[in-house]
Undergrad: 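Below: one structure in structure tokens.
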Number of protein chains: 2
Amino acid sequence: MVVFAGQGDARRSIALLWRETGAVPARPAPGPKPALSVDAIVDAGIAVADAEGMAALSMRAVGEHLGRTAMALYTYVPGKNELVDLMHDRALAELPTGYDLAPGWRAALTSWAEDTWAFYLRHPWVLQVSQARPVLGPNEYVALETVLRLLFATELPASAVRRIVGTLFHFVRGAARTVAESRLAAATTGVSDEEWWQARSSVLGEVAPEFPHHFPLLVRLETEGAAPATDDEVPHLEREARTTFDVGLTVLLDGIEAAVDRNR
Amino acid sequence: MVVFAGQGDARRSIALLWRETGAVPARPAPGPKPALSVDAIVDAGIAVADAEGMAALSMRAVGEHLGRTAMALYTYVPGKNELVDLMHDRALAELPTGYDLAPGWRAALTSWAEDTWAFYLRHPWVLQVSQARPVLGPNEYVALETVLRLLFATELPASAVRRIVGTLFHFVRGAARTVAESRLAAATTGVSDEEWWQARSSVLGEVAPEFPHHFPLLVRLETEGAAPATDDEVPHLEREARTTFDVGLTVLLDGIEAAVDRNR
DNA sequence: TGACATTACTTTATGGCGTAAGGAGATGCA
DNA sequence: TGCATCTCCTTACGCCATAAAGTAATGTCA
């Protein structure tokens with residue numbers, strides 16, 4: 001599922017995101033006192049999505065988590081899309097902002113990428129929120145401003161910074177997505193990555209026996225390129241993904257460094 | 001929606017993917033002749049997904065496209081997940097394979113990235129198929145072998161190639177995803193990116209008037225870093241995304257080059 | 001105090017989804 | 001001719017988001 005920013009009443013969604021506290025109701029309104037709140041609903045939504053994944057995030061599930069029906073949420077939130085926007089922006093508040101630039105932009109960007117990676121793995125459902133039309137909540141802006149500060153320290157021109165920040169996000173999100181999806185698949189199917197690969201490759205050996213002949217480089221990648229298996233608690237393929245992240249980050253930063261050198 | 005590879009009977013899914021033609025039915029079976037075929041269904045699925053997006057891909061929609069009910073498809077295909085796997089592998093067949101390495105690996109990889117980017121934009125739904133447990137169809141392997149051939153030309157060790165290929169895919173998929181989601185949002189909401197940003201930023205000016213003070217670098221990015229608007233047919237933000245792709249690719253290839261130089 | 005507006009929340013209903021179950025009709029072989 | 005086998009259909013179930021209408025609680029005002 002890809003979730004777009006709420007398309008309904010733009011004014012209302014944005015006001016919700018920025019928690020327009022203005023227009024405080026002077027006199028108390030009639031009717032029963034609200035037992036829920038936007039914050040409580042957003043927290044419940046995050047709890048559900050963290051535990052069961054975005055696919056399991058339904059209005060029913062969130063309502064149930066609060067001892068209410070699905071429809072009760074609509075008193076506080078215009079719809080599911082807007083709820084996801086709010087969840088997204090609330091989650092982003094977790095990201096650190098105060099990176100130290102004294103040891104240089106490269107060290108700072110490395111820390112940023114690692115924190116962001118860890119954040120996505122804590123809240124994998126965030127990866128399903130579309131970046132094309134960003135949620136535009138306050139924390140989204142804070143997160144962007146944070147990484148911009150590190151990138152502007154390279155003294156690259158704004159036009160280059162603009163593109164490189166996109167590239168960094170593509171990379172971190174893509175790398176985290178692989179791990180997130182892998183974990184989700186394991187959780188929902190009860191089959192670990194290792195078991196899955198085992199089953200697949202044995203079937204493949206039957207169905208396509210001429211495989212090694214057609215794909216010699218793939219075989220070479222398997223035999224030469226794989227890290228040795230360890231008896232870690234961390235699943236092997238997850239360590240593999242983490243290594244891909246580290247190596248990819250180095251490549252990217254080397255590329256940025258090349259641009260910086262050219263710019264000097 | 002994120003789609004995982006079919007988790008049902010592994011043997012059957014893989015046999016379908018590799019189109020196990022063996023065990024040809026010697027004598028014609030009784031019963032009506034099949035009017036559909038796996039191929040026809042896969043084509044219809046791709047047609048629906050290309051035109052309306054992954055979210056609109058339902059068994060009912062595919063059936064209707066063929067003048068059948070949804071349930072008719074289940075004679076040919078075990079379920080929706082397996083259909084998506086088949087669509088994925090069929091689509092991948094479009095990718096070119098014979099890149100010329102004579103002008104060097106960098107030029108070849110550039111062509112590869114551009115073709116892959118264009119492919120994802122032709123079939124944006126492919127980006128929703130999870131990479132964590134790949135579909136493992138024949139064309140998936142061909143596509144991998146293709147890019148491996150270009151990367152091994154760098155003479156980097158297999159372990160490095162293994163990680164860099166992941167990084168390249170993360171980048172290309174991420175960049176393409178932005179454009180794909182942007183187009184999808186425009187198509188489903190009827191609001192262009194430009195109109196959307198216009199509406200949002202005017203509301204934002206009301207709700208958060210102190211914005212420029214809090215996010216000076218974002219403002220700088222807008223004013224200094226943006227490409228001038230043109231009266232092209234291509235939407236402005238899409239050109240922006242394409243530029244991000246070009247710049248990001250350069251950065252990545254520079255990074256790979258740095259690794260190659262170190263390895264020499 | 002009683003009438004009434006307002007509010008929180010529930011129930012019910014609509015139209016989507018994937019797919020299980022069972023049935024109808026066509027086909028080929030005995 | 002009977003029967004097994006096959007394609008394809010209808011129906012049904014339990015999910016989903018959410019529209020519409022109802023219920024009960026709370027406040028203000030006459």
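Hydrogens, waters and symmetry mates play no part in the numbers below; they use all other heavy atoms, side chains included. Lettering of chains follows the sequences in order, A, B, ..., and the numbering in each one begins at 1.
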Undergrad: Have a look at the helix from C/dT1-D/dA30 to C/dA30-D/dT1 and give the angle its two end axes make, five pairs each, rounded to 10 degrees.
TA: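 The angle separating the two end axes equals 40°.
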Undergrad: Rounded to whole Å, please give me the gap between CD in B/E82 and P in C/dG18.
TA: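 One finds 13 Å between P of C/dG18 and CD of B/E82, rounded.
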Undergrad: Quick one: A/Y74 OH to D/dC16 P, roughly how many Å, whole number?
TA: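 My rounded result for the distance is 11 Å.
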Undergrad: If you look only at distance, which donor and acceptor atoms sit under 3.5 Å apart when one is on a side chain in residues 54-65 of chain B and the other is two or more places apart or in another chain?
TA:
residue : atom : partner : partner atom : Å
B/S58   : OG   : B/A61   : N            : 3.0

Undergrad: What is the separation between atom CG on A/L66 and atom C1' on C/dA8, rounded to the nearest whole Å?
TA: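 It works out to 14 Å between those atoms.
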Undergrad: What residues, two or more places apart in sequence or in another chain, satisfy side chain to side chain contact (heavy atoms under 4.5 Å, CB included) together with A/S192?
TA: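 Scan of A/S192 (side chain to side chain contact (heavy atoms under 4.5 Å, CB included), adjacent residues dropped) gives A/E194, A/E195.
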Undergrad: Expressed as a whole number of angstroms, how long is the span from B/E52:CD to C/dG16:C1'?
TA: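 That distance rounds to 15 Å.
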Undergrad: Suppose we screen for side-chain hydrogen bond (donor to acceptor under 3.5 Å, both in side chains). Which residues come up paired with A/R122, at least two apart in sequence or across chains?
TA: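 Listed in chain order: A/E94.
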Undergrad: Nearest whole Å is fine: how far is D/dA17 P from A/L57 CG?
TA: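 In whole Å, D/dA17 P lies 8 Å from A/L57 CG.
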Undergrad: Can you name the side chain to side chain contact (heavy atoms under 4.5 Å, CB included) partners of A/T69, sequence neighbours left out?
TA: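 A/T69 satisfies side chain to side chain contact (heavy atoms under 4.5 Å, CB included) with A/M71, A/A72 once adjacent residues are dropped.
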Undergrad: Return the set of residues passing ring pair (Phe, Tyr, Trp, His ring centres under 6.0 Å) with B/F215 (not counting sequence neighbours), or none when no residue passes.
TA: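 For B/F215 the ring pair (Phe, Tyr, Trp, His ring centres under 6.0 Å) partners, ignoring immediate neighbours, are A/Y141, B/F211.
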Undergrad: Would you please name every residue forming a side-chain hydrogen bond (donor to acceptor under 3.5 Å, both in side chains) with A/D43, sequence neighbours left out?
TA: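 Once residues adjacent in sequence are excluded, the partners of A/D43 under the side-chain hydrogen bond (donor to acceptor under 3.5 Å, both in side chains) criterion are A/R90.
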Undergrad: Report the residues that fulfil side-chain hydrogen bond (donor to acceptor under 3.5 Å, both in side chains) with B/R183, sequence neighbours left out, ordered by chain and then residue number.
TA: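 With sequence neighbours excluded, B/R183 shows a side-chain hydrogen bond (donor to acceptor under 3.5 Å, both in side chains) to B/E238, given in chain and number order.
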Undergrad: Answer whether the closest heavy-atom distance between the side chains of A/R242 and A/F245 falls below 4.5 Å.
TA: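 A/R242 reaches A/F245 side chain to side chain.
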Undergrad: Summarise protein proximity over nucleotides 5-12 of chain D in one line of letters, 5' to 3': B for base, S for sugar-phosphate only, - for none, counting protein heavy atoms closer than 4.0 Å.
TA: BBSBSB--
Undergrad: When the distance from CD of B/E64 to C1' of C/dG16 is rounded to whole Å, what number comes out?
TA: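 Between C1' of C/dG16 and CD of B/E64: 13 Å.
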Undergrad: What is the distance from NZ of A/K80 to P of D/dC16, rounded to the nearest Å?
TA: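 About 9 Å, once rounded to whole Å.
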